[in-house]
Amino acid sequence: MTGERQVRLRLGTRAVSVPAGHGREVVEYAGVTVLRVEDGEPVEQAWVPVGTCPSYADDEALIAAWHAALVWSRSPSDA
């Protein structure tokens, strides 16, 4: 293992089944996956939901997740 680390951001949607009336309903919502990759293999990911009109809190949550991943990418590998 070389310990090469990368951070990848991916915009996408997630589907969640929630109780509704007398059954369940599937709700889809947008978000960003912050993926940590070491030696080409995913090791951790964080999902940050964002609305159609992202709020300041949405922006701050994404920045915090991205920042943590970037710090991780520059830290020494455990290998």
With a 4.5 Å limit on heavy-atom distance, are the side chains of S75 and R5 in contact?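 Yes, side chains in contact.
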
Are [Y] and [X] connected into the same hydrophobic cluster when the rule is that any two of I, L, V, M, F, W, Y join if their side-chain heavy atoms are below 4.5 Å apart?
| X | Y | result |
| --- | --- | --- |
| L11 | V7 | yes |
| W47 | V16 | yes |
| L70 | L35 | no |
| Y29 | V18 | yes |
| L9 | V48 | yes |

Could you tell me whether R10 atom CZ has more than 12 heavy atoms of other residues or ligands within 6.0 Å of it?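 Atom CZ in R10 is not packed in, count stays at 12 or less.
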
Going from OG1 on T33 to CD on Q45, what distance comes out if it is rounded to the nearest 0.5 angstrom? 5.5 Å

Working to the nearest 0.5 angstrom, can you tell me the gap between W72 CH2 and Q6 CD?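 One gets 8.5 Å once the value is rounded to the nearest 0.5 Å.
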
Between D58 and P54, what is the shortest heavy-atom contact and its length?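 The pair with the smallest heavy-atom distance is OD2-CA, 3.3 Å.
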
